[in-house]
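Working notes, beginning with the structure itself.
Read the numbers this way: they start at 1 and go in the same order the structure lists the ligands and their atoms. For this chain, numbers begin at 1 and follow the sequence in order.
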Amino acid sequence: MAETVIGIDFGTSCTSAGTLIGDRVELVRDNSDPVVPTVVYVPERGDVEVGKRAVLRQQSQPNRVVRSVKRVLGMEPGNELVRRYAASSGARLEATGDKLLYKIGTATYAPEQIAASVLNRIRELAEQRFGGQIRKCVVTLSAAAPAGYRDAIVRAGKIAHLDILELVAEPIAGALAVGLHSTSAQRRLLVLDFGGGTFDASAIVQAGMKFSPVATFGDSLLGGDDLDDEFAEAIAGAVHRQYGVDMHRDILKFAELRYRCEQTKRILSSRRDAPFTMNEAFIVGGKPRSLDLKIDRPWIEERWKPLFDRAIDVVDEVLRQAGWSPADVGAVALIGGTSLVPKFQELIAAKFGRDRVAVSPDADLAVSMGAALLTARHGSTPRHVPVLTSDRAAAL
Ligand SMILES: Nc1ncnc2c1ncn2[C@@H]1O[C@H](COP(=O)(O)OP(=O)(O)OP(=O)(O)O)[C@@H](O)[C@H]1O
Ligand SMILES: [Mg+2]
């Protein structure tokens, strides 16, 4: 049997991967979850932990947990963005000479090493699911990746015993995943990837199965994380007005508040309202108080509006760079987990017309599904255009 090649979407907040089994995309799973948070916990002794287990460590040992490593991978230490990213990285990020290093306890780690732990975990999960030894992969690359990113991810792959056969642009993988490939299509595409930490817009000219990017523009500080922050601030603000308590003061509780906001945000993508509860959220007059709220979607959408406005600015800029008007665009693909937020979909539909907008129900998996399709080019699986079906529903 041919060697399995996996396709990996190494994301800022989540990583996922898959391959083709026959003409079907099969994704790697951690327990039953197809996405592995791109979060790494480095203990004082023993093995690093990756994914959900690392996320849980954030509350008790935030200095030993690295988040969003993709943001700094391949970046020059002098880049002005490094300082801004450092604030959300969890563990301390320092520019030492010509290197960027995470300082965890008395040890230091390069971003490549941290990224490698995530890739290594993905490789292990893929071996568990697909069998055999896996040494080859296709990895997607953000449209806005810094110049040093390619080398850095290849080095991370090497550390994780993975040979990267091809680096593919995320928007192209996403366009494939939402089924925009067709041998007869000749059109202008817009792929909007609203992820955890970044919003990228790409203008692509499609000629059948061939995709040529013509313009790309992004906001590397705009993503689902910012929606979560805004949500947490909205609740902290309401608590402050009512009780005069500043929830930011208790760092651990604030981290929990943010985590619960992220969960509630997801529920609000499919419901008009959602309960929000948090035990012993803060102290008033020496007594712990819990939160037990009902969040209406319009209330939080109002708070998110400035973020969506920024997203629309990015879309306008990529159109301007491509020299297109909205009417020129034949199809818009919405990918990335944050594109599941209904208000965002509404705004894009209002601009381009609902019938031209394609949203993947597995928007956060679209890039890895596209990467999995592309493994066909490397011979492990049939070379015809595969049928694309997500197997997430079956697993839930
Ligand atoms: N149903 C949902 N509704 C709203 N947001 C969601 C939903 N599902 C996932 N998300 C959000 O999507 C984000 C993760 O998306 P995704 O996996 O596409 O990002 P990423 O690829 O890790 O990041 P990036 O593309 O910025 O590198 C998170 O902020 C998560 O909270
Ligand atoms: Mg992504």
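Looking at atom 16 (P) of ligand 1, its nearest protein heavy atom turns out to be Gly337 N, 3.7 Å. In this structure, the protein non-hydrogen atom closest to atom 14 (C) of ligand 1 is Ser13 OG, 3.4 Å. For atom 1 (N) of ligand 1, the nearest non-hydrogen atom of the protein is Leu340 CD1, 3.6 Å. Counting only heavy atoms of the protein, atom 31 (O) of ligand 1 lies nearest to Glu262 OE2, 2.4 Å. The protein heavy-atom contact nearest to atom 27 (O) of ligand 1 is Thr12 OG1, 2.5 Å. With respect to atom 23 (O) of ligand 1, the closest heavy atom belonging to the protein is Gly196 N, 3.1 Å. Considering only non-hydrogen protein atoms, atom 21 (O) of ligand 1 sits nearest to Gly11 CA, 3.7 Å. Nearest protein heavy-atom neighbour of atom 26 (O) of ligand 1: Thr198 OG1, 2.7 Å.
Contact atoms of ligand 1 toward Val341: 4 (C) (distance under 4.0 Å to a heavy atom of the residue). Ligand-side atoms of ligand 1 in range of Gly336: 18 (O), range being under 4.0 angstrom from any heavy atom.
When all heavy atoms of Val318 and Phe217 are compared, the closest pair comes out as CG2-N, 3.8 Å. Taking all atoms of both residues into account, the shortest heavy-atom contact from Thr140 to Ala371 is CG2-CB, 3.8 Å. When all heavy atoms of Leu189 and Trp324 are compared, the pair lying nearest together is O-CZ3, 3.4 Å. Pairing each heavy atom of His378 with each of Leu374, the nearest pair is CD2-O, 3.7 Å.
With Lys265, Gln263, Arg71 as candidates, the residue nearest to atom 29 (O) of ligand 1 on a non-hydrogen basis is Lys265.
Using a 30° and 60° split on the angle between ring planes, Phe308 and Phe194 fall in the perpendicular class, above 60°. Ring geometry, Phe276 versus Phe231: the interplanar angle falls from 30° to 60°, so the pair is classed tilted.
Looking at Arg53, Arg129, Arg121 one by one, the single match for side-chain contact (heavy atoms from CB on, under 4.5 Å) with Asp30 turns out to be Arg121.
Inclusion of Phe194 in the set of residues having an N or O under 3.5 Å from an N or O of ligand 1 is not warranted. Of the polar atoms of Gly197, at least one N or O is found under 3.5 Å from an N or O of ligand 1, judged by distance alone.
Proximity of a side-chain donor or acceptor of Glu94 to a complementary backbone N or O of Leu100 within less than 3.5 Å is not detected.
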_Please evaluate residues His240 and Glu233 with respect to the criterion side chain to side chain donor-acceptor pair (under 3.5 Å), reporting the C-alpha separation (whole Å), side-chain torsions for both, the decisive distance (0.1 Å), and the verdict._
CA-CA 10 Å; His240 189 254; Glu233 291 302 333; over 6 Å; no
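Contacts between Arg266 and ligand 1 below 4.0 angstrom, taking non-hydrogen atoms only, involve backbone and side chain alike. Only the side chain of Ser269 comes within 4.0 Å of ligand 1, judged by heavy-atom distances. Heavy atoms of Glu170 found under 4.0 angstrom from ligand 1: none, in either backbone or side chain.
The neighbour count for Glu80 CD, taken as heavy atoms of other residues, nucleotides or ligands under 6.0 Å away, does not exceed 12.
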